Amino acid sequence: MSNLLKLFILFLLVPLHLSAQDLTQLGGDLTTTITGHNGLQVAAPNVDDEIRRIKQLEGFQDFHRIHTKKSGLGVKVEGKKGRRFAHKGCAGCHVQNGKGRVRLTRGQKRKDGMVVKVSLRGLQDSGAPINVPGIGEQLQRHNTNRNIKKKHRLRLRWTSAGLKGTYPDGTKYRLRRPLLTFRIKGYARSEIISSLRMTPGLNGLGLLEAIPEHVILSWSDPEDSNNDGISGVPQYTPDRVNGGLGLGRFGFKASNPTLAQQTGAASFFDMGVTNPLFTVEGEEIETSEENFEKLVIYQALAGVPIARNQDNLKVIRGKELFQTLGCDDCHKMTVTTEDSENPELDGQTIHPFTDLLMHDMGDGLADERAEFSASGREWKTTPLWGIGFFETVSHVKQNYLHDGRARTIEEAILWHGGEAEAAQDAFKNLSKADRKALIKFLKSL
Ligand code: HEC
Ligand code: HEC
C-alpha cells in the first residue's frame, strides 16, 4: 500500500473513530428521559432504595421552599445585626435547578441569579479572600433585620466597546462585557476587588463528586510537559467535611470540595441561613442535620437528562469537531466514577465534559479576585452536560460563562483565551456550517 493511500485511510478512520462513541446516556444509569420542566429534579431511575427516594423527594421540597420563620426552615435571626441574604430559597436563583437570570435589579426578583463577590486585597492564610468588614462575602440586597439598610450602591451595565470582530470567512460578531459600579461606604473603590457571578445550572452533582481524584490529577499538567498549551491545575481548599484540604469541585473557581460544603456555603452566604457546616458562634443552628442531609441527597441523586438527537448528522459532525479542535482537552467527555458511600453513583460511565481543573482563560475573562490557589485568570472547566437542556427547565434567557456575559454558546467560545486560545482560533477558522454543527452538538447535550 502506498504511503499516500495509508494516509488517506487514516484520515478516513480517525474522525470515524472519534465520533463513534455514543454519548446518549450522559449520566450513566442516572440518565433520565424526563424532558420537561422537572427534568433536573426527579430522582435518578437507579435509586431503588425507598428511604433514599423519600429523602431525595423531601430535599426537593426544601430546595424549593422559602426560608422564613413561618416555613420552619430557618431564618430565625432578626437580631441587632441581622444577617444578609440574596434570596430566601435555593430555587430563587437556580430556577428549577437550571440557570438564574443574568440581571441585577433593585428588588432582586425571583429568578434573578447574580452575585457580586467582594473582598479586600490580599488573601487570608488559608488562601480564602479577605471579607470586607460589615459587608461579608458578597454584596447583599436584603437583611433579615429589615431596619438595616444596605451599605452599597450597585449598578450593572454592559459594553461592547472594542469587542467587535470578524471571522476569517467575513462573518461579523460582537461580544459584550460587564461594567459593574458600586460604592461601599468607608472604602475607596481601589481597595475593593470584585467578581461578578451568574447562577449556574445544577446537573449531575453527585456524579461530579464521584469522579476519582486520581483521574482528575492524571489530567493535570501544570508544567505543560506535553506542550499542548494546556496545563490545568487542581484547586485545593479547606475541607469542612473531611478536614484538611480537599480537591475543589464546585463553584466557578472550584472553591468547595464537597457538595455538602457547597450547599452549606450557599445556605449561609446566599440565604443567610446557618447549617451544620457554616455556623455563627453563640447562635442556634437553623438547619438540622437531617434537613441538611436531605438537601444534599436531593442534588446528588437527581437524574441527568438524556442527550438528544444523537443520530442527527450535524450533531455527529459537531461531536467530531469538538474533538479535533481540542475542546475535549479540558471538557473531558468520558470518565468512570467511584463512590463507596452512594451505591447509585458508583462505577458509572458518564459524559460530564469537564476535567474539574483550573485553567488560565486569558485577560478577557480575568478579574482580580483570587480564591485559594486559583488566580483571577483561572476558572474551572464548566461541565457542558445540560447546556442545551437548562432552558427547558427554567424558561429564562440562557447566558454563559461565569458572569453571564455570553449571550450565545458561540459568544462563550469566542471568549476562550489563554490556554484555550488555540481551540478558539480553530473554531474561528471553521466554515459557517461547521461552526453551526459544533453548536448544534452542544445543544444536544
Ligand atoms: C443568590 C442566588 C443563589 C442562591 C439563593 C443559591 N445559589 Fe447556588 N449558586 C449561585 C451562584 C452565583 C453560584 C456560583 C458560585 C461561584 O462559584 O461563584 C452557585 C453555585 C452553586 C453550586 C455549584 C454548582 C457547580 O456546578 O459547581 C451548587 C451545588 C449550588 N449553588 C447549590 C445551591 C443550593 C443547594 C442552594 C440553596 C441552599 C443555593 N445554591 C442557593 C447562586 C445562588
Ligand atoms: C483550556 C481549557 C479549555 C478548552 C481547550 C476549551 N474550554 Fe470551554 N471552558 C473552559 C473554562 C475554564 C470555561 C469556564 C470559563 C468561564 O466561565 O469564564 C469554559 C466554558 C465553556 C462554555 C460555557 C459554558 C457555560 O455554561 O457557561 C462553553 C460553551 C465552552 N466552554 C465550549 C468550548 C468549546 C466548544 C471548546 C472548543 C472550541 C472549548 N470550550 C475549549 C475551558 C476550556
Side-chain angles (χ1 to χ4, degrees), residues 59 62-63 67 85-94 97 99-100 108 112-117 138 140-141 195-205 208 228-232 248-256 259 262-271 273 275 287 292 295-296 298-299 318 321-323 325-331 353-361 364-366 371 378-384 386-387 390 398-406 408-413 415-428 430 438-439 441-442:
D62 283 1
F63 189 94
H67 288 237
F85 67 94
H87 264 296
K88 287 184 183 154
C90 311
C93 294
H94 298 280
N97 291 35
K99 295 181 174 188
Q108 189 139 21
D112 289 354
M114 297 297 275
V115 162
V116 180
K117 304 216 173 209
Q138 54 203 41
Q140 308 278 34
R141 293 172 176 262
S195 186
L196 180 66
R197 308 283 169 88
M198 74 168 284
T199 301
L202 306 180
N203 191 20
L205 298 168
L208 292 176
D228 64 353
I230 297 176
S231 47
R249 293 168 192 257
F250 299 103
F252 286 112
K253 287 208 190 283
S255 287
N256 287 306
L259 185 53
Q262 172 70 48
T263 301
S267 300
F268 188 65
F269 295 120
D270 295 329
M271 288 162 25
V273 178
N275 54 78
T287 314
F292 188 69
L295 200 51
V296 176
Y298 161 58
Q299 300 171 82
L321 289 165
F322 191 83
Q323 297 163 89
L325 263 51
C327 308
D328 65 335
D329 288 338
C330 301
H331 297 280
F353 292 83
T354 178
D355 56 7
L356 294 179
L357 294 171
M358 312 298 299
H359 296 277
D360 181 333
M361 294 296 281
L365 287 176
E371 287 176 29
E378 289 176 303
W379 301 98
K380 179 190 80 184
T381 308
T382 310
L384 299 179
I387 190 168
F390 290 137
Q398 294 298 290
N399 288 66
Y400 308 90
L401 299 174
H402 64 271
D403 54 13
R405 67 177 65 194
T408 58
I409 291 179
E410 177 186 356
E411 287 186 11
I413 301 170
W415 272 109
H416 280 53
E419 295 174 35
E421 180 90 38
Q424 184 247 121
D425 228 43
F427 172 74
K428 272 198 203 146
L430 294 177
L438 181 62
I439 290 161
F441 164 61
L442 293 177

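The structure presented is a predicted model; accordingly, all values stated were derived computationally and were not measured. Atoms within each ligand, like the ligands themselves, are counted from 1 in listed order.
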Check against side-chain contact (heavy atoms from CB on, under 4.5 Å), Leu365 and Arg405: CA-CA 10 Å; Leu365 287 176; Arg405 67 177 65 194; 3.9 Å; yes
How close do Trp415 and Gly364 get, counting heavy atoms only, and between which atoms? CZ3-O, 3.7 Å
Trace of the side-chain contact (heavy atoms from CB on, under 4.5 Å) decision for Leu430 with Leu325: CA-CA 10 Å; Leu430 294 177; Leu325 263 51; 3.8 Å; yes
Check: Gly100 main-chain N/O paired with Thr199 side-chain donor or acceptor under 3.5 Å: no
Shortest reach to atom 26 (O) of ligand 1 by a heavy atom, considering only Met114, Lys380, Met198: Lys380
Taking Arg197 for its side chain and Lys117 for its backbone only, find out whether a donor-acceptor pair lies under 3.5 Å. no
Of all the atoms in Cys90, is at least one N, O or S atom closer to atom 8 (Fe) of ligand 1 than 2.8 Å? no
For the backbone of Thr381 and the side chain of Thr354, can you confirm whether one donor and one acceptor N or O come within less than 3.5 Å of each other? yes
the protein heavy atom lying closest to atom 29 (C) of ligand 2 turns out to be Ile387 CD1, 3.7 Å
Is ligand 1 under 4.0 Å from a heavy atom in the side chain of Val273, in the backbone, in both, or in neither? neither
Close-contact set for ligand 2 against Gly326 heavy atoms, below 4.0 Å: 5 (C)
Under the criterion side-chain contact (heavy atoms from CB on, under 4.5 Å), I'd like the reasoning laid out for Leu357 against His359: C-alpha separation, chi angles, the key distance, then a yes or no. CA-CA 6 Å; Leu357 294 171; His359 296 277; 4.0 Å; yes
Angle class for the Phe322/His331 ring planes (parallel below 30°, perpendicular above 60°, tilted otherwise)? tilted
So which bit of Lys99 gets within less than 4.0 Å of ligand 2, heavy atoms only: side chain, backbone, both or neither? side chain
Quick one: which of Gln138, His94, Arg197, His402 has a heavy atom closest to atom 9 (N) of ligand 1? His94
What do you reckon, does Gly89 put a non-hydrogen atom under 4.0 Å from ligand 1? yes
Heavy-atom nearest pair, Trp379 first then Ser195, reads CH2-OG, 4.0 Å
For Leu438 and Phe427, run side-chain contact (heavy atoms from CB on, under 4.5 Å): C-alpha distance rounded to whole Å, both residues' side-chain angles, the deciding distance at 0.1 Å, then the answer. CA-CA 9 Å; Leu438 181 62; Phe427 172 74; 3.5 Å; yes
For the student: nearest non-hydrogen atoms of Leu196 and Asp403, plus distance: O-CB, 3.4 Å
Nearest non-hydrogen atom to atom 20 (C) of ligand 1 belongs to which of Lys253, Gln262, Arg249, Lys88? Gln262
Check ligand 1 against Lys117 and write out every atom of the ligand that is under 4.0 Å from a heavy-atom position of the residue. 18 (O)
Using heavy atoms and a 4.0 Å limit, tell me yes or no: is Gln424 in contact with ligand 2? no
Under 2.8 Å from atom 8 (Fe) of ligand 2, which protein N, O or S atoms are there? Could you list them by chain and number? His331 NE2, His416 NE2
Can you find an N/O atom of Glu419 closer than 3.5 Å to an N/O atom of ligand 2? no
Check this for me - ligand 1, Asp270, N or O atoms closer than 3.5 angstrom, yes or no? yes
Identify which of Gln323, His359, Met361 has a heavy atom lying nearest to atom 10 (C) of ligand 2. Met361
If you measure every N or O of Phe252 against every N or O of ligand 1, does any of those distances drop under 3.5 Å? yes
Within less than 4.0 angstrom of ligand 2, does Met358 place any heavy atom? no
Hey, looking at atom 15 (C) of ligand 2, which of Ile230, Ile409, Asp425, Leu401 has the closest heavy atom? Leu401
Can you tell which part of Leu259 has a heavy atom less than 4.0 Å from ligand 1: side chain, backbone, both or neither? side chain
Counting distance only, does the side-chain N/O of Lys99 pair as donor-acceptor with the main-chain N or O of Asn399 below 3.5 Å? yes
Ligand-side contact atoms (ligand 1) for residue partner Phe250, heavy atom cut-off under 4.0 Å: 27 (O)
Interfacing atoms of ligand 1 (cut-off 4.0 Å, heavy-atom, Gln299): 29 (C), 32 (C), 35 (C)
Show the nearest heavy-atom pair for residues Leu295 and Thr263, with the distance to one decimal. CD2-CG2, 3.8 Å
Which residue in the set Arg249, Gln262, Glu371 passes side-chain hydrogen bond (donor to acceptor under 3.5 Å, both in side chains) when paired with Ser255? Glu371
Please state which option from Cys93, Ala91, Gly201, Ala266 has its nearest heavy atom closest to atom 3 (C) of ligand 1. Cys93
Do Gln138 and Asp270 have side-chain atoms, one donor and one acceptor, less than 3.5 Å apart? yes
With a 4.0 Å heavy-atom cut-off (strictly under), which part of Leu205 contacts ligand 1: side chain, backbone, both or neither? side chain
Provide the closest heavy-atom pair for Ala412 versus Ala406 in the form atom of the first, atom of the second, distance. N-CB, 3.5 Å
Looking at Asn256 and Phe250, would you say the former's side chain and the latter's main chain have a donor-acceptor pair under 3.5 Å? no
Test item: Glu419 side-chain N/O and Ser231 main-chain N/O as donor-acceptor pair under 3.5 Å: yes
Nearest heavy-atom approach of His94 to Pro200 is ND1-O, 2.9 Å
Please confirm whether Gly113 approaches ligand 1 to less than 4.0 Å, judged on its heavy atoms. no
Would you say Pro200 contacts ligand 1, with heavy atoms under 4.0 Å as the rule? yes
Phe63 N/O to ligand 1 N/O under 3.5 Å: no
Hey, which atoms in ligand 1 end up nearer than 4.0 Å to a heavy atom of Gly251? 17 (O), 23 (C), 25 (C), 27 (O)
